[in-house]
Amino acid sequence: MQIEGSFDVKLTPQAPAEGQTWGRQSITKTFHGALDGSSRGEMLAAGTAVKGSAGYVALEQVTATLEGRKGSFFLQHFGLMDKGTPTLNVSVIPDSATGELTGLQGTMTIDITGGQHRYTFTYSLPPR
(Lines give C-alpha, C1' and ligand atoms only; values in the text may rest on other atoms or scores of the structure.)
Protein backbone atom coordinates (compact mmCIF):
# COMPACT_ATOMS: atom_id res chain seq x y z
CA MET A 1 0.00 0.00 0.00
CA GLN A 2 1.06 3.58 -0.53
CA ILE A 3 -0.49 6.67 1.04
CA GLU A 4 0.30 10.36 1.04
CA GLY A 5 -0.45 13.18 3.42
CA SER A 6 0.96 16.19 5.21
CA PHE A 7 2.47 16.75 8.62
CA ASP A 8 3.31 19.61 10.92
CA VAL A 9 6.66 19.48 12.67
CA LYS A 10 8.23 21.34 15.55
CA LEU A 11 11.97 21.03 16.21
CA THR A 12 13.19 22.19 19.61
CA PRO A 13 16.96 22.56 20.19
CA GLN A 14 18.24 20.62 23.21
CA ALA A 15 21.41 21.05 25.20
CA PRO A 16 24.13 18.71 23.97
CA ALA A 17 25.42 15.98 26.23
CA GLU A 18 28.76 16.76 27.83
CA GLY A 19 31.54 16.71 25.27
CA GLN A 20 29.23 16.52 22.21
CA THR A 21 30.05 18.71 19.24
CA TRP A 22 26.90 17.86 17.26
CA GLY A 23 23.41 19.30 17.52
CA ARG A 24 20.46 17.66 19.26
CA GLN A 25 16.76 18.48 18.83
CA SER A 26 13.47 17.08 20.02
CA ILE A 27 10.88 16.40 17.33
CA THR A 28 7.09 16.71 17.64
CA LYS A 29 4.92 15.92 14.60
CA THR A 30 1.23 15.77 13.79
CA PHE A 31 0.35 13.59 10.77
CA HIS A 32 -2.69 14.35 8.61
CA GLY A 33 -4.31 12.15 5.98
CA ALA A 34 -4.46 8.38 5.80
CA LEU A 35 -1.86 8.25 8.59
CA ASP A 36 -3.56 10.20 11.37
CA GLY A 37 -1.69 10.74 14.61
CA SER A 38 1.36 12.22 16.22
CA SER A 39 4.96 11.43 17.02
CA ARG A 40 7.75 12.39 19.38
CA GLY A 41 11.40 11.84 18.77
CA GLU A 42 14.98 13.01 18.89
CA MET A 43 17.42 14.06 16.19
CA LEU A 44 21.22 14.28 16.18
CA ALA A 45 22.88 16.32 13.41
CA ALA A 46 26.45 17.17 12.45
CA GLY A 47 27.74 19.65 9.92
CA THR A 48 31.15 19.74 8.29
CA ALA A 49 33.61 22.41 7.18
CA VAL A 50 32.42 21.82 3.59
CA LYS A 51 29.41 23.97 2.70
CA GLY A 52 26.34 21.83 2.02
CA SER A 53 27.66 18.67 3.67
CA ALA A 54 26.05 17.31 6.85
CA GLY A 55 24.30 14.30 8.30
CA TYR A 56 21.51 13.46 10.70
CA VAL A 57 19.95 10.49 12.41
CA ALA A 58 16.65 10.44 14.26
CA LEU A 59 14.23 8.12 16.01
CA GLU A 60 10.57 8.92 16.43
CA GLN A 61 7.70 6.97 17.94
CA VAL A 62 4.49 7.39 15.96
CA THR A 63 1.12 6.82 17.64
CA ALA A 64 -1.55 6.81 14.96
CA THR A 65 -4.43 5.27 13.08
CA LEU A 66 -3.64 3.63 9.73
CA GLU A 67 -6.33 1.83 7.70
CA GLY A 68 -8.58 2.22 10.74
CA ARG A 69 -6.08 0.31 12.86
CA LYS A 70 -4.62 1.95 15.96
CA GLY A 71 -1.18 1.45 17.40
CA SER A 72 2.34 2.79 17.49
CA PHE A 73 5.64 2.16 15.73
CA PHE A 74 9.14 3.59 15.51
CA LEU A 75 10.65 5.32 12.49
CA GLN A 76 14.40 5.53 12.01
CA HIS A 77 15.85 8.38 9.89
CA PHE A 78 19.24 8.42 8.16
CA GLY A 79 19.95 11.58 6.19
CA LEU A 80 23.01 12.87 4.38
CA MET A 81 23.77 16.06 2.50
CA ASP A 82 26.77 15.73 0.16
CA LYS A 83 27.75 19.22 -1.07
CA GLY A 84 24.07 20.09 -1.35
CA THR A 85 22.80 16.76 -2.71
CA PRO A 86 20.44 15.16 -0.16
CA THR A 87 19.66 11.51 0.48
CA LEU A 88 17.19 10.37 3.12
CA ASN A 89 16.08 6.94 4.28
CA VAL A 90 13.19 6.66 6.75
CA SER A 91 12.13 3.13 7.72
CA VAL A 92 9.81 1.44 10.19
CA ILE A 93 12.02 -0.36 12.70
CA PRO A 94 11.28 -4.09 12.32
CA ASP A 95 8.99 -5.53 15.02
CA SER A 96 8.47 -2.10 16.65
CA ALA A 97 4.75 -1.82 15.88
CA THR A 98 2.19 -2.38 18.64
CA GLY A 99 -1.56 -2.76 18.98
CA GLU A 100 -3.52 -3.25 15.77
CA LEU A 101 -0.42 -2.20 13.77
CA THR A 102 1.65 -5.19 14.91
CA GLY A 103 3.58 -6.55 11.93
CA LEU A 104 3.76 -3.19 10.13
CA GLN A 105 6.66 -2.83 7.69
CA GLY A 106 7.45 0.17 5.54
CA THR A 107 9.43 3.15 4.35
CA MET A 108 8.60 6.84 4.22
CA THR A 109 9.73 9.63 1.95
CA ILE A 110 9.50 13.26 3.00
CA ASP A 111 9.11 16.26 0.69
CA ILE A 112 9.35 19.87 1.82
CA THR A 113 8.08 22.38 -0.74
CA GLY A 114 7.27 25.97 0.07
CA GLY A 115 7.48 25.25 3.79
CA GLN A 116 4.82 22.49 3.53
CA HIS A 117 5.88 19.04 4.78
CA ARG A 118 4.44 16.03 2.97
CA TYR A 119 5.00 12.28 3.37
CA THR A 120 4.59 9.25 1.16
CA PHE A 121 4.35 6.05 3.20
CA THR A 122 4.82 2.71 1.45
CA TYR A 123 3.88 -0.09 3.83
CA SER A 124 2.41 -3.51 4.40
CA LEU A 125 0.25 -4.81 7.23
CA PRO A 126 -0.65 -8.42 7.95
CA PRO A 127 -4.30 -9.35 7.45
CA ARG A 128 -6.57 -8.84 10.43
Side-chain angles (χ1 to χ4, degrees):
M1 297 287 300
Q2 188 174 75
I3 58 170
E4 296 180 359
S6 63
F7 65 93
D8 304 309
V9 62
K10 179 181 178 186
L11 298 173
T12 306
Q14 303 294 303
E18 187 176 333
Q20 283 183 341
T21 58
W22 53 85
R24 186 169 71 98
Q25 298 189 60
S26 68
I27 306 167
T28 305
K29 289 182 184 173
T30 303
F31 291 92
H32 310 284
L35 177 65
D36 184 34
S38 62
S39 73
R40 298 188 61 81
E42 189 164 318
M43 175 194 306
L44 299 175
T48 72
V50 176
K51 183 178 177 168
S53 291
Y56 92 92
V57 294
L59 291 175
E60 64 180 302
Q61 185 174 26
V62 178
T63 302
T65 301
L66 176 64
E67 287 187 18
R69 297 162 80 167
K70 294 181 183 185
S72 67
F73 58 93
F74 278 92
L75 289 173
Q76 180 173 310
H77 298 233
F78 177 81
L80 291 174
M81 184 75 81
D82 184 359
K83 297 174 195 71
T85 302
T87 57
L88 176 62
N89 296 301
V90 181
S91 300
V92 174
I93 294 176
D95 302 314
S96 68
T98 66
E100 297 172 318
L101 297 178
T102 297
L104 175 69
Q105 298 178 354
T107 59
M108 184 177 284
T109 60
I110 296 173
D111 179 59
I112 306 168
T113 304
Q116 176 70 34
H117 291 75
R118 299 200 51 83
Y119 67 85
T120 301
F121 190 33
T122 303
Y123 68 93
S124 63
L125 272 169
R128 290 184 186 247

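Quantities reported herein were computed from a predicted structural model and do not represent experimental measurements.
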Whether the side chain of [X] engages the backbone of [Y] through a donor-acceptor N/O pair (distance < 3.5 Å, no angle test) should be reported.
X     : Y     : result
Thr48 : Ser53 : yes
Gln14 : Thr12 : yes
Gln76 : Ser91 : no

- [ ] Determine which pairs satisfy salt bridge (charged side-chain N to carboxylate O under 4.0 Å, His left out) with at least one residue from residues 14-23, sequence neighbours left out, and list them in order.
- [x]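 Of all non-adjacent pairs touching residues 14-23, none passes salt bridge (charged side-chain N to carboxylate O under 4.0 Å, His left out).
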TODO: Keeping to residues at least two apart or across chains, list the salt bridge (charged side-chain N to carboxylate O under 4.0 Å, His left out) pairs with something in residues 25-46.
DONE: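 Listed by first then second residue: Arg24-Glu42, Lys29-Glu60.
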For the residue pair [X] and [Y], what are the closest heavy atoms and their distance?
X      : Y      : value
Leu80  : Gly55  : CD2-CA, 4.1 Å
Gly52  : Met81  : O-CG, 2.7 Å
Ser72  : Leu101 : N-CD1, 4.1 Å
Trp22  : Ala46  : CB-CB, 4.1 Å
Phe7   : His32  : CA-CD2, 4.1 Å
Thr107 : Phe121 : O-CD1, 3.2 Å

- [ ] Might you confirm whether atom CG of Asp95 has over 12 heavy atoms from other residues, nucleotides or ligands at distances under 6.0 Å?
- [x]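 No, because the 6.0 Å sphere around CG of Asp95 holds 12 heavy atoms or fewer from other groups.
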Task: Flag if over 12 foreign heavy atoms under 6.0 Å of CD, Gln25 - done: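 For Gln25, atom CD is crowded (more than 12 foreign heavy atoms under 6.0 Å).
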Is there a chain of hydrophobic side chains (I, L, V, M, F, W, Y, each step under 4.5 Å between heavy atoms) that links [X] to [Y]?
X      : Y     : result
Leu11  : Phe78 : no
Tyr56  : Val62 : yes
Ile3   : Phe31 : yes
Ile110 : Val9  : yes
Val57  : Val90 : no

To the nearest 0.5 Å, what is the distance between [atom1] on [X] and [atom2] on [Y]?
X      : Y      : atom1 : atom2 : value
Leu104 : Arg69  : CG    : CZ    : 9.0 Å
Arg118 : Thr109 : CZ    : OG1   : 10.5 Å
His117 : Ile112 : NE2   : CD1   : 3.5 Å
Phe74  : Leu59  : CZ    : CG    : 7.5 Å
Leu125 : Glu67  : CG    : CD    : 5.0 Å

- [ ] Could you give me the CA-CA distance, side-chain angles and deciding distance for Leu75 and Val92, then say whether side chain to side chain contact (heavy atoms under 4.5 Å, CB included) is met?
- [x] CA-CA 5 Å; Leu75 289 173; Val92 174; 3.9 Å; yes
